[in-house]
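Below, all heavy atoms of this structure are taken into account, side chains as well, without hydrogens, waters or symmetry copies.
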Amino acid sequence: MKRSDAPLSLQRQLRTAQAQAASYRKQLRALADATFHIVLDVKNANTVGLASVEVQAPSERDEAAIERLIHGHDELVSALREARATGEPVPIALRNGPSNSWTGTVGPCIDACEQAQETPCLRGVLRRTDHAARPDMEPLPRELLELLPDAILIVASNDRIKYANSAAVAMTEAASLEAVLDTSIWTYLPDEAQSHVTRRRQQVRTGRRVDFARHTLRTCQGKERIVESASVPILYQGGHAALVAVRDLTGRERLSETLERTLRLFDTAFHLGPAAAIVRLHDGVVLEVSERMETLTGFDAADLAGEHIDQVRVGLPEHQRHQLAHDLVVHQQLHDRELTLTRADGTAYTVLVSARLVTLEGDDCALISLVDITERKQALVQAQETQTLMQKIFRMSPSPLAIVRLEDGVYLNVNDALCSLVRRPRYDIVGRTDNDMALWADPDYRAAVFDRVQREGTITDVQTTFCQPDGTRIDVLCSLQCLCIDDQDCVVMAITDITQREAARNALVEAKEKAEDVAQFRSSVLSNMTHEMRTPLTVILGFTPTLREAVDPKYRRFIDLIERSGKRLLFTLDSLLDLAQLEAGTLTPNPAVHSLTELVRTHTAAMREQACEKGLDTRIEPPDTPLSVYVDADLLERVLHHVLDNAIKFTEHGGITIHLDANADEAVIRVADTGMGIDPAFVPRAFQAFTQESEGLARTHQGSGLGLTVCKHVMERLHGSINIDTAKGKGSTITLRLPQNAP
């Protein structure tokens, strides 16, 4: 079944081409019918006469007239004798009254008789000329042949081309007419066409015309064309020849193939495209249904094809069907009419109907297509519901929100929270710009922010200041997001009021500054007091050796007690001074490369007497190879003094081991004791100032609680670290790590 206007147009072109070909065939047949083929036999070799005459003519009346004409002309016998004697064609002219005459040739038929193994006979060809009707025309006027749209060739009995019109030169793709003339007809025939042409050639040589038949033609450029040709035997330049008409079928074949491809494409599109059906208008019969229509409607195509459209139960009211049919006839086409239909199972669905009038095999038909928009409709409803919900959320959000058009900065929408924030009613904001309201305290900063969001798409936490109508300033954080709303580039602003937070932050900064001032004052007081206390204490400790020598031996223990207490007080003052300097940032290390083993041995020797008084063993485990560190020796000695003092203080039995080692680029000092250990829960607090595990009345050991605090700060200044590994009742190990090279 042919469909759509485009295929119909191709069909009309094909039918026109076929009609032209038929007309041309008729003209060539008429040309052939004007030629009478006469077969003349001789009686014997010596006597030439008309033994028998075989005439090929359009009708019996013409045959009888020609026989009478031939037998009534003695000059024909003379021509026969001459042709018999010379073996060459002899021209003849027979006249029958003033208006009609026959011209042609007569000569021996050698090829045909040899192939039939017969005695050579004479064969003549006559052509009638109507002098009364067309006295000015020659038998084959060349002007007529040049005007013909198809190729015309005259091929001699030796298969050489003697004449070719312009169409023939163009069809063979020859450079000129001279390139075609006198070439063999076989030059233009591929092998598969030669046997076919050979049979037609024999038919022409026996005096019979050959009607049009298809075969292949090969051009001078090596291309092959599909052609059809017809042949008529004629006399040309006194010899037997064939008038050959060749029609190029390439265009018609291409047209036919295009039509076939178009029909196939239409059929594919019909079945693969939207749900479609074809309905004949005059009786409303469904002619064809696509596969998509089956899927969409739930009806089987076999049930729909041939059914009257009014009988198909699709849930469409009759008045709507009639209105659609009326509109289609009036407007010739329909576009996207929304309808609600019912499937075969009773479920409803929504479609867009489009229709167009087409002519198929002479019948006016309607090509109808349905596009299922049920899901689209549902999605649209959901989108509308979502939009309504988002609008509600936008209006009811506790965070101030605004939508601003990028092009001109006009506020398109704001929620109630923003109105409350800026102390303006909604109608006083929507439709206005920031410049109109002086909302941003800094207009230049506002312009820079909007330029940035236009480049980046999203920016967050931009801090700025808004102004209320009464001049009150509000500190806010703005987050901005570009998006398209109703085909307009807009910015959504989410705003957070940070006025109170800024006030709290400012108060915190002020309190911090005050605390730093207090800390600085405390450090200065500690430093000054420490210096003031160290001076008399140094004098007291300086006279203790003299007193020890001057008093009675039984009172020397009091002098020793004064000396130990003085040294402890001096150690506490040094710790306070170190802590004050560390907090004030005035303690500056002077690092250099030192032998770690020598530093540890020197300081341990000073502490060994204190350990021996408690009966503790002090042991150093040096590394296998010399170990150097980049450190301030005085500061490291203070750290070692605090660590060893703690180890001796909290160890009653056993001893203290100092292990030296290297790890990568670090030097490691491990001070392990066998003392009472520390509760793991207290370890995080061990480095806090003035903190001890036992405090108040439960305190069992003396000390200020500053030793480990000073150690931690000093090790950080030395680019090192300190940590504690301990367990209650199992002793403690304090590890010091120092860089071997300058950091």
Side-chain angles (χ1 to χ4, degrees), residues 379 381-519:
V381 172
Q382 292 176 356
Q384 292 174 344
E385 292 176 351
T386 302
Q387 184 177 5
T388 302
L389 177 61
M390 293 304 296
Q391 289 176 349
K392 291 181 179 179
I393 294 174
F394 179 84
R395 295 295 298 272
M396 299 176 62
S397 173
S399 298
L401 299 174
I403 299 176
V404 182
R405 188 164 56 210
L406 261 178
E407 181 181 5
D408 51 12
V410 171
Y411 280 79
L412 301 180
N413 200 357
V414 295
N415 66 350
D416 296 339
L418 181 67
C419 296
S420 300
L421 177 66
V422 299
R423 301 290 177 86
R424 291 176 181 271
R426 188 172 183 274
Y427 65 81
D428 193 31
I429 302 176
V430 174
R432 303 181 68 187
T433 67
D434 289 305
N435 292 334
D436 297 336
M437 299 178 289
L439 184 60
W440 288 59
D442 187 348
D444 294 336
Y445 183 61
R446 185 261 180 207
V449 169
F450 272 73
D451 288 342
R452 179 185 167 194
V453 74
Q454 192 168 6
R455 292 193 309 270
E456 301 178 9
T458 302
I459 56 177
T460 58
D461 295 341
V462 174
Q463 185 170 346
T464 186
T465 302
F466 283 180
C467 295
Q468 295 177 346
D470 61 359
T472 303
R473 290 175 170 255
I474 312 166
D475 294 320
V476 295
L477 279 182
C478 293
S479 294
L480 298 91
Q481 170 71 54
C482 283
L483 75 165
C484 184
I485 301 176
D486 295 333
D487 297 328
Q488 299 183 90
D489 292 330
C490 301
V491 172
V492 174
M493 290 196 306
I495 303 164
T496 303
D497 184 2
I498 60 171
T499 305
Q500 295 181 355
R501 191 179 77 181
E502 282 298 295
R505 187 182 70 84
N506 292 335
L508 183 62
V509 170
E510 185 178 354
K512 179 176 177 293
E513 291 175 351
K514 290 181 179 179
E516 289 176 348
D517 292 341
V518 170

Going by ring pair (Phe, Tyr, Trp, His ring centres under 6.0 Å), name the pairs with one or both residues in [range], residues two or more places apart or in two chains.
range	result
residues 469-512	none
residues 475-511	none
residues 476-507	none
residues 425-474	Trp440-Phe466

Looking only at heavy atoms, which two atoms of [X] and [Y] are closest? And how far apart?
X	Y	result
Ser479	Asp461	OG-N, 3.3 Å
Thr433	Asp408	CG2-O, 3.6 Å
Cys419	Pro425	SG-C, 4.1 Å
Asp497	Val476	CA-CG1, 4.3 Å
Pro469	Val422	CD-O, 3.1 Å
Ala441	Cys467	CB-SG, 3.7 Å

Checklist entry - Hey, which of Ile429, Asp428, Asp436 is the one that makes side chain to side chain contact (heavy atoms under 4.5 Å, CB included) with Tyr411? => result Ile429
Results of salt bridge (Lys or Arg N to Asp or Glu O under 4.0 Å) for [X] - residues two or more places apart only:
X	result
Arg452	Glu456
Asp434	Arg446
Asp416	Arg395

Qualifying residues under side chain to side chain donor-acceptor pair (under 3.5 Å), relative to [X], sequence neighbours excluded:
X	value
Gln454	none
Thr496	none
Thr472	Asp470
Arg423	none

Side chains of [X] and [Y]: closer than 4.5 Å at any heavy-atom pair?
X	Y	result
Glu407	Asp489	no
Val453	Gln481	no
Ile485	Ile403	yes
Asp442	Thr465	no

Item to check | Asn415: side chain to side chain contact (heavy atoms under 4.5 Å, CB included) partners, not counting sequence neighbours | outcome: Phe394, Ser397, Leu401, Ala417, Leu418
Item to check | Heavy-atom neighbours of Arg473 CZ exceed 12 at 6.0 Å | outcome: no
Item to check | Pairwise distance OG1(Thr464) to CG(Leu477) - rounded to 0.5 angstrom | outcome: 10.0 Å
Item to check | Audit row: Val449, Cys478, side-chain contact (heavy atoms from CB on, under 4.5 Å) steps and yes/no | outcome: CA-CA 10 Å; Val449 169; Cys478 293; over 6 Å; no
Checklist entry - Are the side chain of Gln468 and the backbone of Leu421 linked by a donor-acceptor contact shorter than 3.5 Å? => result yes
